Number of protein chains: 4
Amino acid sequence: MARGINKVTLIGNLGSDPEVRQIPSGQTVANFTLATSDSYKDNSGTMQERTEWHRIVVWGRLAEICGQYLKKGRQVYLEGRIQTRSWDDQKTGEKKYATDIVCNEMQMLGGQGGSGGGSYGDAGQQQGSTPAQPQARPQQNDQAAPPATSQPPSGPMIENNDKDDLPF
Amino acid sequence: MARGINKVTLIGNLGSDPEVRQIPSGQTVANFTLATSDSYKDNSGTMQERTEWHRIVVWGRLAEICGQYLKKGRQVYLEGRIQTRSWDDQKTGEKKYATDIVCNEMQMLGGQGGSGGGSYGDAGQQQGSTPAQPQARPQQNDQAAPPATSQPPSGPMIENNDKDDLPF
Amino acid sequence: MARGINKVTLIGNLGSDPEVRQIPSGQTVANFTLATSDSYKDNSGTMQERTEWHRIVVWGRLAEICGQYLKKGRQVYLEGRIQTRSWDDQKTGEKKYATDIVCNEMQMLGGQGGSGGGSYGDAGQQQGSTPAQPQARPQQNDQAAPPATSQPPSGPMIENNDKDDLPF
Amino acid sequence: MARGINKVTLIGNLGSDPEVRQIPSGQTVANFTLATSDSYKDNSGTMQERTEWHRIVVWGRLAEICGQYLKKGRQVYLEGRIQTRSWDDQKTGEKKYATDIVCNEMQMLGGQGGSGGGSYGDAGQQQGSTPAQPQARPQQNDQAAPPATSQPPSGPMIENNDKDDLPF
DNA sequence: TTTT
DNA sequence: TTTT
């Protein structure tokens with residue numbers, strides 16, 4: 001019996017429209033980035049703003065909802081878990097890492113062209129009863145050569161290549 | 001005025017003793033890894049366990065407490081925020097990323113050689129009123145030659161070697 | 001479409017063994033109390049401890065698990081939502097209120113006669129996709145007269161009578 | 001050393017303008033109610049909406065900010081802890097209970113006549129380092145005759161009358 | 001790349 | 001009524 005808690009709560013704004021795809025197995029996956037900002041006083045006492053960018057991954061029905069209702073700039077509340085993937089970079093032969101937030105609950109906030117708010121959660125995708133979730137990441141940057149098909153075709157270790165070797 | 005929430009809640013076990021250091025400014029920083037496990041049913045319906053490793057960074061008084069009381073294997077509850085750092089790898093010329101959890105509350109759980117439990121939080125390090133936090137270990141790899149040391153080279157079942165240029 | 005978040009995270013110790021019952025509909029419900037303690041400095045600067053008692057309600061499969069594994073004194077992690085019930089007190093004719101935590105995730109911590117830890121969540125009982133949960137509360141105090149049957153037989157407004165008209 | 005976690009996360013709308021007062025000690029306290037709504041499927045499979053009302057208490061600088069910026073209807077994100085007070089009702093001689101959320105972080109969301117959003121937290125009022133917080137409005141009902149005033153007599157869809165001796 |  |  002496993003034990004552990006791995007939960008993330010975010011409120012921020014989408015940095016891009018969600019990219020929604022079907023993976024070969026038929027599962028729907030959505031990817032987008034989310035910016036969370038916070039303020040703090042620096043050593044000289046002046047307020048500073050710090051923005052953190054998160055890579056969001058959403059599966060199943062909730063992915064479809066994100067694709068339908070979320071747009072760049074939209075403010076949302078998200079819950080999920082942290083997941084770090086690693087792969088061997090073909091070019092340099094180095095091991096690379098990327099950390100995603102696998103989202104299992106989403107709620108639209110505020111205005112921003114939104115038709116009001118809405119709350120969505122997944123039934124049965126939380127900790128302790130999660131269907132196997134194939135690893136996925138957006139391919140938007142895998143332009144050039146080896147298009148690596150369209151998806152996470154290699155299980156937990158995702159081979160990533162070319163140009164851009166990580167985040168957004 | 002910034003707006004946003006970036007919160008993480010973890011319960012897991014330390015993969016290594018905390019490494020506590022003073023940075024030039026005099027600030028204390030502690031680093032350790034934490035494993036969170038959860039169970040899920042795979043597509044064939046059999047239970048699977050999945051372990052996620054998190055890089056934890058703690059500042060100030062709480063870092064000292066972690067250094068004093070936490071040991072490899074200890075079960076803890078942590079709260080913090082996600083923070084992704086990036087740097088240019090001197091060797092390959094590539095941009096690299098690492099995601100840390102900057103912890104601002106810690107609570108010891110269960111036994112494990114512990115003197116019982118205890119709850120510790122930082123006074124004034126939460127969102128919205130955070131003292132400027134110098135980036136921890138951000139440049140350690142920016143030198144040409146692999147400084148190697150200075151980071152968590154250990155932990156159960158985690159092999160660390162020259163190949164790896166990032167996490168644990 | 002509803003919008004809102006109502007989440008509670010607790011780590012504490014059971015003040016009593018869980019009381020597990022079946023309600024007429026066949027649903028299983030468990031009730032117990034949980035103490036959460038925290039320290040703070042009072043105005044004179046001395047540390048004080050403050051204990052808060054929570055009334056926990058658990059439904060379905062998770063209720064059965066609580067009944068099986070949890071005992072008075074056990075340390076647990078719980079997640080749930082706040083729910084306040086009200087009813088008219090028969091004796092005084094006044095409106096009464098009681099606030100429960102409806103738990104949808106539980107994790108055993110530490111020792112206390114426990115066989116280690118374990119993590120349990122409900123599949124599909126979280127916000128946004130919750131099966132109708134009949135209101136329930138422990139009857140342990142409804143000794144005397146009108147035994148009020150054995151359970152929440154009156155929908156959302158629970159009639160409560162006699163002697164003790166509220167919490168534990 | 002105390003151990004325990006008692007945290008609440010809410011997103012909802014204010015049911016009333018905050019009522020801000022100074023208590024004799026000079027501390028500022030703000031009170032308001034917050035509605036959180038969520039949807040669920042009832043036994044017949046139809047979607048139902050459920051609204052939960054929370055009594056919010058805020059102290060110090062954050063109370064002043066709430067008084068300045070929050071208005072009835074405003075959508076906010078709140079964090080805090082659960083606190084149940086009890087007192088002896090003079091009229092009936094019974095023990096009464098009320099559960100509040102003591103808020104230590106607030107963030108305005110969405111529009112609603114708001115000047116945008118903002119994030120506010122208390123520096124040093126979280127678990128583990130909390131200044132002694134006097135109980136707010138604990139005795140207001142302890143007088144023989146219903147003082148009535150002094151408390152949230154309003155809010156959307158909330159009828160408040162002499163019958164009620166507690167919450168909103 | 002977002003937002004205030 | 002719990003726990004340290």
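Residue numbering restarts at 1 for every chain, and letters A, B, ... go by the order of the sequence lines. All values reported here derive from a predicted model rather than from experimental measurement.
Remark: P of E:dT4 and OH of A:Tyr40 are 21 Å apart, rounded to the nearest angstrom. One interatomic measurement links the two molecules: CE of A:Met108 to P of E:dT2, which rounds to 21 Å at whole-angstrom precision. Between A:Arg50 atom CZ and E:dT4 atom P the separation is 20 Å, expressed in whole Å. In this entry the distance linking CD of B:Gln107 with C1' of F:dT3 reads 11 Å, nearest Å. Note: CD (C:Glu52) to C1' (F:dT4) measures 18 Å, nearest angstrom. F:dT3 atom P lies 12 Å from atom CZ of C:Arg74, rounded to whole Å. In this structure, C:Leu70 places its CG atom 20 Å from P of F:dT1, rounding to the nearest Å. Between the CG atom of A:Asp17 and the P atom of E:dT1 there is a distance of 15 Å, given to the nearest Å.
Under 3.5 Å, the side chain of C:Ser16 and the base of F:dT2 form no donor-acceptor pair of N or O atoms. The base of E:dT1 sits with one of its N or O atoms less than 3.5 Å from a complementary donor or acceptor on the side chain of A:Thr33.
Listed candidates were F:dT2, E:dT1, E:dT3. Nearest to the side chain of C:Ser37 is F:dT2. Of the candidate nucleotides E:dT2, F:dT3, F:dT1, F:dT3 has the atom lying nearest to any side-chain atom of C:Glu49. Closest to the side chain of D:Arg3, from the set E:dT4, E:dT2, F:dT4, is F:dT4. Here F:dT2 is the nucleotide among F:dT2, E:dT1, F:dT4 with the atom lying nearest to any side-chain atom of C:Ala35.
An aromatic stacking contact between C:Trp53 and the base of F:dT2 is absent, as defined here by ring centres under 5.5 Å apart and ring planes under 30° from parallel.
For the pair B:Ile5/A:Thr36, no side-chain contact is recorded, criterion being any heavy-atom separation below 4.5 Å from C-beta on.
Under a 3.5 Å cut-off, the side chain of A:Glu52 and the backbone N or O of B:Thr84 do form a donor-acceptor pair. Between the side chain of D:Arg74 and the backbone N or O of D:Leu109, at least one donor-acceptor pair lies under 3.5 Å.
Residues satisfying the side-chain contact (heavy atoms from CB on, under 4.5 Å) criterion with D:Glu64, sequence neighbours excluded, are D:Thr28, D:Arg61.
Contact check on B:Arg85 versus B:Asp100 returns a salt bridge, with a Lys/Arg side-chain nitrogen under 4.0 Å from an Asp/Glu carboxylate oxygen.
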